[in-house]
Amino acid sequence: MQTFYKFKHYDINVGKNSSSGGAFTMISDRILESGGVVYGCVLNEKFNAIHIRAERKEQRDKMRGSKYIQSNISEAFQQIAVDLANKRKVLFSGTPCQVNAIINYLKIKKICMDNFFSVEVICHGVGSEKFFHDYIKDKEKKYHSKAVNVKFRAKYRVGQKQDMAIIFENDKEYHAASTNLDWFFSVYLKNLILRPSCYECKYAQEHRVSDISVADLWKENEIGDWSLVICNTKKGKTLLNGNDCGELMVINKSEVYQPHMKSPCNVPSNRKIFWQIYLKKGYKEVQRYIGNNTLKSKTKYVFAHMLRISHADKWVKKIRR
Ligand SMILES: Cc1cc2nc3c(=O)[nH]c(=O)nc-3n(C[C@H](O)[C@H](O)[C@H](O)COP(=O)(O)OP(=O)(O)OC[C@H]3O[C@@H](n4cnc5c(N)ncnc54)[C@H](O)[C@@H]3O)c2cc1C
Ligand code: SF4
């Protein structure tokens with residue numbers, strides 16, 4: 001039976017560098033501290049998402065933070081098989097379809113899975129790597145410098161969930177005042193750049209493939225960053241029992257809002273034309289054709305941002321009520 005929790009790590013630095021409350025760090029620490037290895041996603045120097053293997057916390061720390069593009073797990077299959085053959089504990093973290101692929105591989109190879117643990121994100125879908133690379137190139141042109149670091153969840157603002165940040169070689173930094181003002185998030189959240197299979201995702205349901213599922217706890221949006229943690233198996237429970245690095249509290253399933261535990265994203269009606277323009281005419285032209293990056297929406301969100309930082313938005317909300 002599933003148990004639902006909310007989790008927040010006590011270490012502020014963990015929270016700052018994680019997407020939500022740092023649940024992945026809490027879970028992966030248990031494996032590393034018992035001599036095991038952790039597999040998870042990092043962005044390499046070319047800004048490709050890839051899965052790497054970590055035996056130490058410093059290596060694992062690079063896996064923190066969601067990268068909303070597809071990660072390459074091809075190296076992980078054989079390495080995991082070798083680790084399990086060597087009786088190491090293994091934690092694989094990724095999207096549900098990736099976890100399922102690894103489990104199927106281990107089953108086909110008849111590899112004992114007693115020491116295999118999995119943690120999955122509840123998944124909106126993965127964005128196009130090509131689009132992401134064009135987006136980075138465009139920003140590099142604007143900032144006259146090479147991008148050296150990208151954070152999809154930079155957490156510049158308290159309680160805000162998706163803050164894109166790009167750090168450049170010339171020490172300049174880009175960060176968007178809202179997801180609507182950021183061109184990557186704008187099209188990702190409109191479901192225009194998801195991988196075709198994500199619209200038919202068979203993992204967007206209550207039954208989960210992993211020992212533990214992690215996600216954002218949307219319910220707590222107003223008061224800070226908590227992770228939603230769902231324990232799906234007895235094995236998962238062994239990783240959560242005895243946790244002393246953060247607040248882990250059982251919550252009621254009915255309090256949780258998770259649309260992708262019910263159904264995948266819909267294909268937007270303009271997806272086809274978006275891709276036609278993008279592939280034929282390029283990134284700039286598709287940017288002109290669609291999106292929220294209009295002067296009207298920019299003005300609206302800059303105004304909303306100013307209200308927010310002056311805390312005047314709370315008064316506006318009260319007056320509206
Ligand atoms: C593609 C994607 C879609 C998501 N969609 C939703 C959603 O719709 N609703 C929701 O509530 N939460 C979603 N999440 C989960 C959310 O962004 C956080 O990962 C989650 O709240 C856990 O946060 P944390 O602080 O515990 O983990 P963090 O420390 O931020 O750890 C992130 C974990 O995600 C893994 N990861 C990061 N990027 C990728 C990737 N590209 N592919 C595979 N694994 C990756 C890392 O290996 C690590 O295990 C999504 C995450 C990803 C990567
Ligand atoms: S939405 Fe489904 S198919 Fe797409 S990456 Fe997530 S789990 Fe995989």
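Residue numbers run from 1 in the order of the sequence given. One-based numbering, in listed order, for ligands and for the atoms of each.
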Any ion pair linking Asp163 and Arg153 (charged N to carboxylate O, less than 4.0 Å)? no

Tell me which pairs pass side-chain hydrogen bond (donor to acceptor under 3.5 Å, both in side chains) where either residue lies in residues 72-83, with sequence neighbours left out. Tyr39-Asp83, Arg53-Asp83, Asn72-Ser74

If we ignore angles and hydrogens, is there a donor and acceptor under 3.5 Å between the side chains of His133 and Asn48? yes

So, using salt bridge (charged side-chain N to carboxylate O under 4.0 Å, His left out) as the criterion, who are the partners of Lys142 when residues are at least two apart? Asp138

For atom 2 (Fe) of ligand 2, report each protein N, O or S atom nearer than 2.8 Å, sorted by chain and then by residue number. Cys201 SG

Centre of Tyr278's six-membered ring, under 6.0 Å away, within 45 degrees of the axis: is that where NZ or CZ of Lys130 sits? yes

Among side-chain atoms of Tyr199 and Arg271, is any donor-acceptor pair under 3.5 angstrom? yes

Is the shortest distance from a Lys or Arg side-chain nitrogen in Lys137 or Glu140 to a carboxylate oxygen in the other one below 4.0 Å? no

Would Lys172 pass as a cation-pi partner of Tyr143, given that its NZ or CZ must be under 6.0 Å from the six-membered ring centre and within 45 degrees of the axis? no

Near ligand 1, which residues have a heavy atom under 4.0 Å away from one of its atoms? Ser18, Ser19, Ser20, Gly21, Gly22, Ala23, Phe24, Gly40, Cys41, His51, Met63, Arg64, Gly65, Ser66, Lys67, Tyr68, Ile69, Ser71, Ser93, Gly94, Thr95, Gln98, Val121, Ile122, Cys123, His124, Gly125, Val126, Arg153, Tyr188, Val214, Ala215, Asp216, Trp218, Ser227, Gln258, His260

Cation-pi check, Lys253 onto Phe4 ring (under 6.0 Å, within 45° of axis): no

What is the closest protein heavy atom to atom 3 (S) of ligand 2, and at what distance does it sit? Arg195 NH2, 3.4 Å

Out of the candidates Arg60, Arg88, Lys89, only one should pair with Glu55 under the salt bridge (Lys or Arg N to Asp or Glu O under 4.0 Å) rule; please name it. Arg88

